[in-house]
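Only one structure is covered here, and it is reproduced in the block below.
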Amino acid sequence: MLSHEKNAILTQSGPGQPMGRFMRSFWIPAMTAREVPAPDEAPVRLQLLNENLVVFRDSAGQVGVLEEHCPHRGASLFFGRNEEGGLRCVYHGWKFDVEGGCMEMPTEPSTSRMRHNIKAKAYPARIAGGLLWVYLGEARPVPVLPAFGFLGLPPEQVYASRWHQECNYAQAMEGELDSAHVGFLHRMVSQVDTDHQALTGKYFQEDTAPAWKILPGEAGFMACNGRRVDGDKRYWRLNQFLLPFYTMIPPRPGDAQLVRMWVPMTDERCWVICVTWRPEAPLGAQELAAWRNGENSHRKVIPGTTTPVEHKDNDYLIDRQLQKTVSFTGIHGIRAQDAMVTESAGPIADRTREHLGSSDLAVVAMRRTLVEAATKCAESGAAPAAVAKPWLYTVYATQAVLPQGMEPDAADEIIQAARARAPQAAANRQEIA
Amino acid sequence: MLSHEKNAILTQSGPGQPMGRFMRSFWIPAMTAREVPAPDEAPVRLQLLNENLVVFRDSAGQVGVLEEHCPHRGASLFFGRNEEGGLRCVYHGWKFDVEGGCMEMPTEPSTSRMRHNIKAKAYPARIAGGLLWVYLGEARPVPVLPAFGFLGLPPEQVYASRWHQECNYAQAMEGELDSAHVGFLHRMVSQVDTDHQALTGKYFQEDTAPAWKILPGEAGFMACNGRRVDGDKRYWRLNQFLLPFYTMIPPRPGDAQLVRMWVPMTDERCWVICVTWRPEAPLGAQELAAWRNGENSHRKVIPGTTTPVEHKDNDYLIDRQLQKTVSFTGIHGIRAQDAMVTESAGPIADRTREHLGSSDLAVVAMRRTLVEAATKCAESGAAPAAVAKPWLYTVYATQAVLPQGMEPDAADEIIQAARARAPQAAANRQEIA
Amino acid sequence: MLSHEKNAILTQSGPGQPMGRFMRSFWIPAMTAREVPAPDEAPVRLQLLNENLVVFRDSAGQVGVLEEHCPHRGASLFFGRNEEGGLRCVYHGWKFDVEGGCMEMPTEPSTSRMRHNIKAKAYPARIAGGLLWVYLGEARPVPVLPAFGFLGLPPEQVYASRWHQECNYAQAMEGELDSAHVGFLHRMVSQVDTDHQALTGKYFQEDTAPAWKILPGEAGFMACNGRRVDGDKRYWRLNQFLLPFYTMIPPRPGDAQLVRMWVPMTDERCWVICVTWRPEAPLGAQELAAWRNGENSHRKVIPGTTTPVEHKDNDYLIDRQLQKTVSFTGIHGIRAQDAMVTESAGPIADRTREHLGSSDLAVVAMRRTLVEAATKCAESGAAPAAVAKPWLYTVYATQAVLPQGMEPDAADEIIQAARARAPQAAANRQEIA
């Protein structure tokens, strides 16, 4: 349960809101690099933290992220003409560079100095790790990028995709922090998967009430959840929550690493950006093909949109017969199942009416962490510490089966795997700088 | 004319509103019995009096009506899995019985007592007379059902259907209480129907300004409207208005009885549920076929929806040529014609701008009865008397041609026909209990 | 830049708003004459200045413009039956003449006098110059029509069309007053048109920063914009702005005259009515064919609607490849290009965030003229002087190339061309009376 006030703080990301200011301290992942137009190509629209923006790349390859509306009389720069070093508003030909500087103002007399006093609102942008990052904050110099494990890797080791969800970022993200749901939402009815410790695997069904252990860190926390399995052992999963909206869940053995990013578009809609990568080797052709087809960690979208095929307005193409006989939901795809439960709570979940149990501990920890950090940021005006410590993001989600009584934080090996920050941070230093 | 304040009282049925509290004293008809899922089938959605609900039937055949959102974290139970005695939220597997009791909470440790403290909001429900009835009030024991003439009859003597209208329930209902419109809205241009005292018949055109006589009763009133016909006779129709939203109009001689129910979904939308029945014999194959096809008393809906084929967004498929030459409206179907005039006044009619005449007496009586009853209920907190007197609903709409000067309340025979309550109430006692 | 307060005055045209009251002093052009139903044909809907109306023509050919909702109980008169001298509401058969008088009230007793006390809200209407004009004000006698040059001409000399835009009338109109944009928005990339002083012609590209000279008049102003061309000459265009929402731009040599009318539907939508005419001769078959096809001055709409083919929701069918290589916008049609820039500033442009330059002088003059006039009208209650001087509207937009240093107001010939009012006003006296 959350009070109306705290729910508002958690969910509102506009420029004037505490969470909006807090998030603006961080670099914001905005789209995949392949969605960014090529040099001199037409601009694309982008909604981010309740702001309307356009993204383009100038002739030199620099990315510009500008407020959508021209500072002159408000025409949309989405219809602008991207030409020789800048984006030109087609209404009167005012032309802006990637920093918002007005390069030309042909409707003013040649003697006019007016163009020097006009700036389009522009945000620093950077392409790294297969993503476009935008910094909507005011600090200069801008911070360095968070040193995720996939930064600095060759392209063949990384795959990223983006779609959107019809609800607030926080409740979408809760669906991933919340390990307890895996034993139900994603369960197969017709068979128990005994081959590996899979999402749909037997461990999730052997014990549906995981115990939680939250290990706080400077950039978020590790949310460890443990299930009693194989007699008296514990199956521990060490999930990661990283400020302000990143989650990692442990891959199945042999699978690629992954991080998911839950980025506010508006308060009632969010981007989901998913990056999968292999730190040491190229991604396999088969897993790549599956991801491109929207399977496993990724989602299939309607071509030309960021709307998943299975979405709210078509009831996620639920098949009630399948729900009786094969899968628990009758809905195709783990991600669509997640979207269904989180979106169906409404555009912004009314958290005053909840009843939380012991399984919701990670969700509670996330809310508390974010609300406290946003409130503190609003009061002090200071950026959170994690912004200046990119290496805190070189972490992993991992899993292990431990003997009874052994806690994950006492198990050196898995904690090392989860916290193995330093080497990677060094490796990708050049891409994050 | 109605003041803004009284119009608000009349039209708002949310839980906190006077009319909302008043209506919650009564059983609310919600859908036809054949729309209720079979045991263990998938749940369906239901909007009622501004509340979002789901309806399912458990393995034992008991009907459950639950608030749509799971009390845990708000996921929609519409996507739930209906299995062995309860509806399971697919998010975390919490499982609820038809009374909202939490049967299982598998994400809590086996020692937890939490499930005993959690209830999904559940409303008593009953299937009777071919309909699903829901009680959204707080009185326990719950009242008995209103003893409509069709309760307790064998299924072959009753037919029910449901559709929705895009306006407030009150103005939809006004279109039926209002007998005066029949002589125009439903008139045929090309011919005068002289065969019988039909809806489209000659009596309605012989005198288009009926006189009204309102005979109040404990559960509403009889709205008698009389037309000068055949020289100096009077054609009297005795319509029924029953609290809180029932209307009956007299069938043509030989036709089945009927009641229509004008049930708020939201303040800007309502259900129309129509029940037609024969007290003594099975319905005829021909009339049944016509009703199933959406003719006469019923409407044809777009398959898989409750939206009538002729509806607001397609201008009711009006045919202007037909309007010139055949029917007064150019719109197919008596019910679609009614919907057109009532919906076209807007989602909630602005009754401050009306100009009522002597033909509107029954409409005025209905508004006054409802607003006064709701206000009284809000002040006293007491349920209206009619709730405890189900036999008041065993009434009929009827008609007769009386000699000049004879009022309907002095005509024993027709008043008896209209008020014949007791025997029927006894007959269907077992279904209403 | 405009304050929030002044922006509200400029943009809000409801009955209670200053601009709404001001505009209601004038005749309002509402649709083309060919869109007005024939006698006894079905009525059509019309939104005007935030009011919902229906338009019909009675048996005698008189045009009626009534409030959409029947004064009885609010049913829409759009579904009414137009018969023998009046529009009959199909709900109860109340019948209204073109002045709103209630001709029949058949649901009242024959002795009732009620119909004499009921009036449907009706507005004076007139067909002239190929348009329907409606007067929504209260002055009686009503003013005469503005004596536009096309009034009184034979039909073969006039062509009118209508479509709508998805934004406030003021910002749509700004796109036409604003001559400076022509050199960009409508520019061809692939070629420079040197044949004539065309919209797409070389003069607009020779000097993209026109100088402005505003010549105020009693009914608005002439907005003269001059470009340095052909060495040291000046290409002057004399545009007209006429209260409350008329604009004229000079036709290319040999082309027809034109006026555009920017009429509020609601505050977030407007009609655009365009009239093209030849004062001395019939229109050419070729230009007529082009206009009917939505080219040049007019737009092509989706059949059965007033929605242009290229519109906001389809991004004006922008072709980015074309934008690179042929036209500046990649959007087909001068008018669609205008709509794109004005609509893309939002339903009501936020003028507090603008940055105006010297090229925006005519836009500033229009805003100031309108806001001052509306404020004055609200304070004094008096109609603006122009309402009583119809001859002020017999003006033209014209153009000329003048020697260096010669201002347009010193060039007798072109000023005479632009102000040639008297003869035309006499010629069309009979149509405007």
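Chain naming here is simple, since letters A, B, ... match the order of the sequence lines and numbering starts at 1 in each.
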Charged tip of R227(A) within 45° of Y203(A) ring normal and under 6.0 Å: no
Pick one of side chain, backbone, both or neither for L356(A), based on which atoms fall under 4.5 Å of a heavy atom in chain B. both
Does either side chain, that of H181(A) or that of D338(A), offer a donor lying less than 3.5 Å from an acceptor on the other one? yes
Contact winner vs chain B - D315(A), D207(A), V363(A), I331(A), heavy-atom pairs under 4.5 Å: D315(A)
Looking at P71(B), G74(B), G80(B), S112(B), which makes the most heavy-atom pairs under 4.5 Å with chain A? P71(B)
For chain A, which residues from residues 93-100 of chain B lie under 4.5 Å away (heavy-atom distances)? G93(B), W94(B)
Which ring pair (Phe, Tyr, Trp, His ring centres under 6.0 Å) pairs, counting each pair once, include a residue from residues 108-140 of chain B, with sequence neighbours left out? W27(B)-Y135(B)
Quick one: what part of E343(A) sits under 4.5 Å from any heavy atom of chain B, side chain, backbone, both or neither? neither
Checking side-chain polar atoms at under 3.5 Å, does Q399(A) have a donor or acceptor matched by the opposite partner on Y235(A)? yes
Per-residue tally against chain A (heavy atom, under 4.5 Å) across C70(B), A42(B), S110(B) peaks at A42(B)
Hey, can you tell me if H298(B) and Y159(B) have their rings parallel, tilted or perpendicular (30° and 60° cut-offs)? perpendicular
Pair N117(B)-R115(B), side-chain donor/acceptor within less than 3.5 Å: no
Chain B contact via R320(A) - side chain, backbone, both or neither, heavy atoms under 4.5 Å: side chain
Is there a donor-acceptor pair under 3.5 Å between the side chain of N314(B) and the backbone N or O of H311(B)? yes
When you check the side-chain N and O atoms of H92(B) and D178(A), is any donor under 3.5 Å from an acceptor? yes
Any luck finding a side-chain donor-acceptor pair between N52(B) and Q47(B) under 3.5 Å? yes
Proximal component of E104(B), with respect to chain A [non-hydrogen, under 4.5 Å]: neither
Side-chain donor or acceptor of R81(B) paired with backbone N/O of K324(A) under 3.5 Å: yes
Using heavy-atom distances under 4.5 Å, tell me whether H69(B) contacts chain A through its side chain, its backbone, both, or neither. side chain
Heavy atoms only, distances under 4.5 angstrom: which of S76(B), A75(B), P106(B) has the most pairs with chain A? Name it, please. P106(B)
